Every structure is written in structure tokens, then in C-alpha cells.
Amino acid sequence: MSKYAANTDHAFLQLPDIQLGIYNCWDAHQTARLVKPLFDELEHLGNLDYVIQTMEPLQTAVIDMQSRGLLLDTRALGTYRDQVRDGIAEADHTILQADPTGELRKRTEKYPNGIGSPKRLGKFLFETLGLKTGKKTKSGIDSTDQESLYRILKNLRKKDEEHRPIIEALFHRSRLRTIYQRYLALETDFDGRVRAQVKMYGTKTMRFSYSKPALQQFPPEARHVFQPANGYTYLQVDYSQLEARILAYLSGDAPSIQVFETSGDVHAQNAADLFMLPLSEVTKAHRLYAKTFLYGISYGGDTETMKTKLFCPCKKCTDLVPPTLKLKRDVIKQTSNRWFQIHHAVPRFQDETAQFVRKHHYYESPLGARRWIAKPWGAELGRELKNLPMQFGGALLMNERQVQLSRLDAPIILQMHDSFLLEVPTPELGDWARTVREVMEAPVDGLNTSIPVDLEFGRNWGDLEKWTESAP
DNA sequence: CCCGTTGGCGCA
DNA sequence: TGCGCCAACGGG
């Protein structure tokens, strides 16, 4: 409950009631006086219509969503927490028993052992075990982050082969620890539901952000701890490749539009183009690469420095980890050139957007609002502007559709950038699936197209299956 | 590459 | 002790 509690210690609150009352009257009065100037300002900035038509009704929609919360399955949480704790203990054991000096096993006030301390861990890896160092941190010590561990593993010398399980355990442990301490320490209200804080103003792109807990970042393997109440079912509805579609239609990128209009898979098509393969020969690894590529390179990423997501390389995870490609620099450069050649409308659009912002100091989204920009001109702003139309546009669309859904009393419990999670009475699942699809797939004004959704349903958040008309 | 939150650490 | 940065997680 602490997150809702006011600071009752504040000296201000010790004043006599009459004084507090007078203060509150002045406060209300001054706030009311600000309404007119605020609306004039919004009008002047070109956002008044959007605020009145979307943000104002969205406030009640968000309050409703926030107060519904997500029901915690305490039994599932209990068993999963034990499982994660055991996993950490097992990894710790693998690492600690390998230290002949015993240095790493020493407990301090801060740490039960030395694994969590980058300094002591580095000493163990690079001095005691004598492993080849990966890279240095800013402050000059040998880094023990995931990327360094990955490099150590990749360049492991023959004589160090016996230490492979230790590096793998470190990798595995890191993820389990994040899950355990950041996502499994959940606070529930009296009714067993978790109610996170939702910020609807404050991000640069009008996306929402969640905290306590950060539900938008909840690791997929931990999501099963949330379940619908008895008699209810989860319904999740996702926009299909939301930003990729916005990019294609805003820039008028004909090849991608063609794929979307024929219900094709744009990431698979990109993979085919990048590697000059027929669609039938595109593997999962190719497709994943193309996806990462699109969200990297096309948003201003550099082929030299672009990092791909790292997956746990340990034996336990080999089956869970998607297949990845390891490409040479020049191959990456070639594929990048090939993509921009086919999608020449994209760099042209990026240029035009940047020129407009440079001249007018705002970006105007065809999806209904302006973003004012006061940042100095430079490479950083340049990259931001390559992303803004998509992320901002996506958020504006989600906001608009959430208002419409809330007018229909759709029981939304979570918004995740491109998707909504609903907790619906089980007998109404089919009705809600059709209603939500209809609202979300309605034509988008500024885009002259509709964006299709994928529907899923299930008995917990981590285990959802595709919904079709024939589903229960 | 972009947008976020969180926990740990180093620095003033 | 507050602040900025990093690293790890998610979404696109």
C-alpha cells in the first residue's frame, strides 16, 4: 500500500486545519486560473483537438484499467519462485565450487558471496582462473557483463575449456536473478490483485509507461503468474507489425505495402531480399535477423556498431533460444545496401521528416498530434527523428482505440505498446474478440489503411493460444 | 537504432 | 546522499 500513501510526516501537514483549508482554496483557485492559459497554449501548439478528443477521455479509461489490476496466482508464483531460487542456487554452486582460493565464497555485509560484485567476480575470472579478458568498462576494470562473457565463451582457449560451465552458469544466473528480485517481489492489494502505476503523460512519444511493477517489461517466462478470475478468460489482442506498417504507409514504401496488402510476412520478405533467397528457403534465423535489422538499421543504426540481442548460451537454454545468424561486417553492409535500394522511399521520408522538423521545430503526425522539439540539431536528434513517426504514431493510434474500447466498457487490464490484454467473462469471449477486432481494425485516418490484429486467449498470461472463430 | 523501468555502482 | 551512467529486461 505504500505506493498510494501520502507523506504524512511533512511539516506542512501539521498546520491547523483552518490554515490548510485556506491554502487548499487558494491552490484550487490558482489551478482554475491556469485552465484558460493552458488551453490557449494547447491551441497555439496545435494539440487542443487531440487533448480534448483523445487524452481527456483516455484519463478515465486509464483509471479504469489501473483499478482493475491483474489477479496474481499465488500458488503458481510460489512454485515458480522456488524454481527460480533453486536455479540461482545451482548456478551459484557451479561457480563457487570452482574457486580454489575460497575468495569468492566469502560473504560481506553487502553480498552473500562475491558473484554479485563485479570487482570480485573479475578477480576470480581473470586472475584466479586466468581467463582471457573480454573488454574493459569505462572505469578501466575488466568487464564481466553479458557481452564480455559472450566474447570469453567465443574465444575460449583449449586449456580453459573446463571453465565453460562456469561462464554458462554466470549467464544463466544473471537472468534468473533479474526475474527473481525485480519481477517476483510483487505487491498485491487486499483482493489479491496487482495494481501497477501507469504514467500516461511523460514519455517523449506518448507511449504509456508502467512502474511498480514495470508490467511492459515483464519477462515472458514469468507471465504465467497472472491469471483471470474464476469465470473469466484472458483475451490478448496485438497489432500485427504495428511500426513496420506505419513506416511503410507513411513513407509510401511500395514493396512493403505490397507485402502487407497481400497478407504477406514483411520480415520474411525482408529476409528473402537481404539474403537474395526465395521465400521458401528463408529460415527462422533469417527472419529474426531481418526483424532485428529493420528495427536497427532503418531507425538510424550503424552496420558497424549494431548489437544483436544476446541469448543465454548455456546447455539448459539451447532449446528455448531462437536460432541466430552470425554475419561478417561486410556482409551486413551489403545486406543493408540492398535493403535501402529496394526501400528507397524510406530514406527519402526520413530526410523529409528531418527537414520539416529543422524548419518548424515540431513533428506533425498524420495520426493526429504534434510533438514539439527543442533539442539542438545533431546526430542524436537525427536518429530520434528516424524513430519518432513510428513510435509516436503507434502510440497515438493505441490511445485513440483505447478510448473507443473504453466507451464500449471493454475490460482492458493492460496496455503493452501494440496490444491490449482484456479479462472477459468466459461466455463473452467470442463477442469481445469480434468487438475488439472491429474497433482496432477500423481504418486509420492518417494512414489510408487498416492494421490487422492477432487474437489470443487463455487461462494465464504466459500461456495464450491463437483465437479463431472456432475457438471456445 | 528508438522508447521505457529498475538495481547497482562510482562520483561529487 | 543525490545524481548520472551502466546493464539487464521488455516493446517496436
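Heavy atoms only: backbone and side chains are in, while hydrogens, waters and symmetry mates are out. Everything numeric here is computed off the predicted structure, so don't read it as measured data. Convention: sequence-line order gives letters A, B, ...; per-chain numbering from 1.
A:Gln415 places its CD atom 12 Å from the C1' atom of B:dC3, with the value rounded to the nearest Å. Between A:Gln241 atom CD and C:dG11 atom P the separation is 15 Å, expressed in whole Å. Here the P atom of nucleotide C:dG10 and the CG atom of A:Leu414 are 15 Å apart, to the nearest Å. Nucleotide B:dT5 holds its P atom 18 Å from the CD atom of A:Glu187, rounded to whole Å. What separates CZ of A:Phe293 from P of B:dC2 is a distance of 16 Å, to the nearest Å. In this structure, CG of A:Asp418 is placed 11 Å from C1' of C:dG10, rounded to the nearest angstrom.
Using a 4.0 Å cut-off between a side-chain N of Lys or Arg and a carboxylate O of Asp or Glu, A:Glu243 and A:Lys386 do not qualify as a salt bridge.
Taking the six-membered ring for Trp and the full ring otherwise, A:Phe226 and A:Phe218 have centroids separated by under 6.0 Å.
At the phosphate of B:dT5, neither OP1 nor OP2 sits under 4.0 Å from any side-chain N or O atom of A:Ser211. Under 4.0 angstrom from either OP1 or OP2 of C:dC9 there lies at least one side-chain N or O belonging to A:Arg175. Considering only side-chain N and O atoms, A:Arg223 lies under 4.0 angstrom from the phosphate OP1 or OP2 of C:dG11.
A heavy atom lying under 4.0 Å from DNA chain B marks the following residues of residues 374-400 of chain A, by number: A:Arg383, A:Glu384, A:Asn387, A:Gln391.
For the pair A:Arg193 (side chain) and A:Thr188 (backbone), a donor-acceptor distance under 3.5 Å is absent.
Taking the six-membered ring where tryptophan is involved, the planes of A:Trp372 and A:Tyr362 are tilted, since the angle between them lies from 30° to 60°.
Considering only side-chain atoms of A:Gln181, the nucleotide from C:dA8, B:dC3, B:dG8 that sits closest is B:dG8. Listed nucleotides: B:dC3, B:dT5, C:dC9. Nearest to the side chain of A:Lys204: B:dC3. In the set B:dC1, B:dT5, C:dG10, the nucleotide with an atom closest to the side chain of A:Ala214 is B:dT5. Out of B:dC1, C:dC9, B:dC3, the shortest distance to the side chain of A:Tyr183 is found at C:dC9.
Nucleic acid contact class of A:Tyr210 (heavy atoms, under 4.0 Å, all strands): sugar-phosphate only. Within the nucleic acid shown, A:Arg177 has no heavy atom closer than 4.0 Å to any nucleic acid atom. At the heavy-atom level, A:Lys199 lies under 4.0 Å from the strands shown only through sugar-phosphate atoms.
Ring stacking is absent between A:Phe218 and C:dG10, as the pair misses the limits of under 5.5 Å between centres and under 30 degrees between planes.
Under the 6.0 Å distance and 45° angle rule, A:Arg371 does not count as a cation-pi partner of A:Phe392.
Counted by atom type alone, A:Gln355 and A:Asp351 present zero donor-acceptor pairs between their side chains at under 3.5 Å.
Side-chain atoms of A:Gln216 and base atoms of C:dG10 include no donor and acceptor less than 3.5 Å apart.
Looking at residues two or more places apart in sequence or on another chain, you find a side chain to side chain donor-acceptor pair (under 3.5 Å) between A:Arg287 and A:Asp265.
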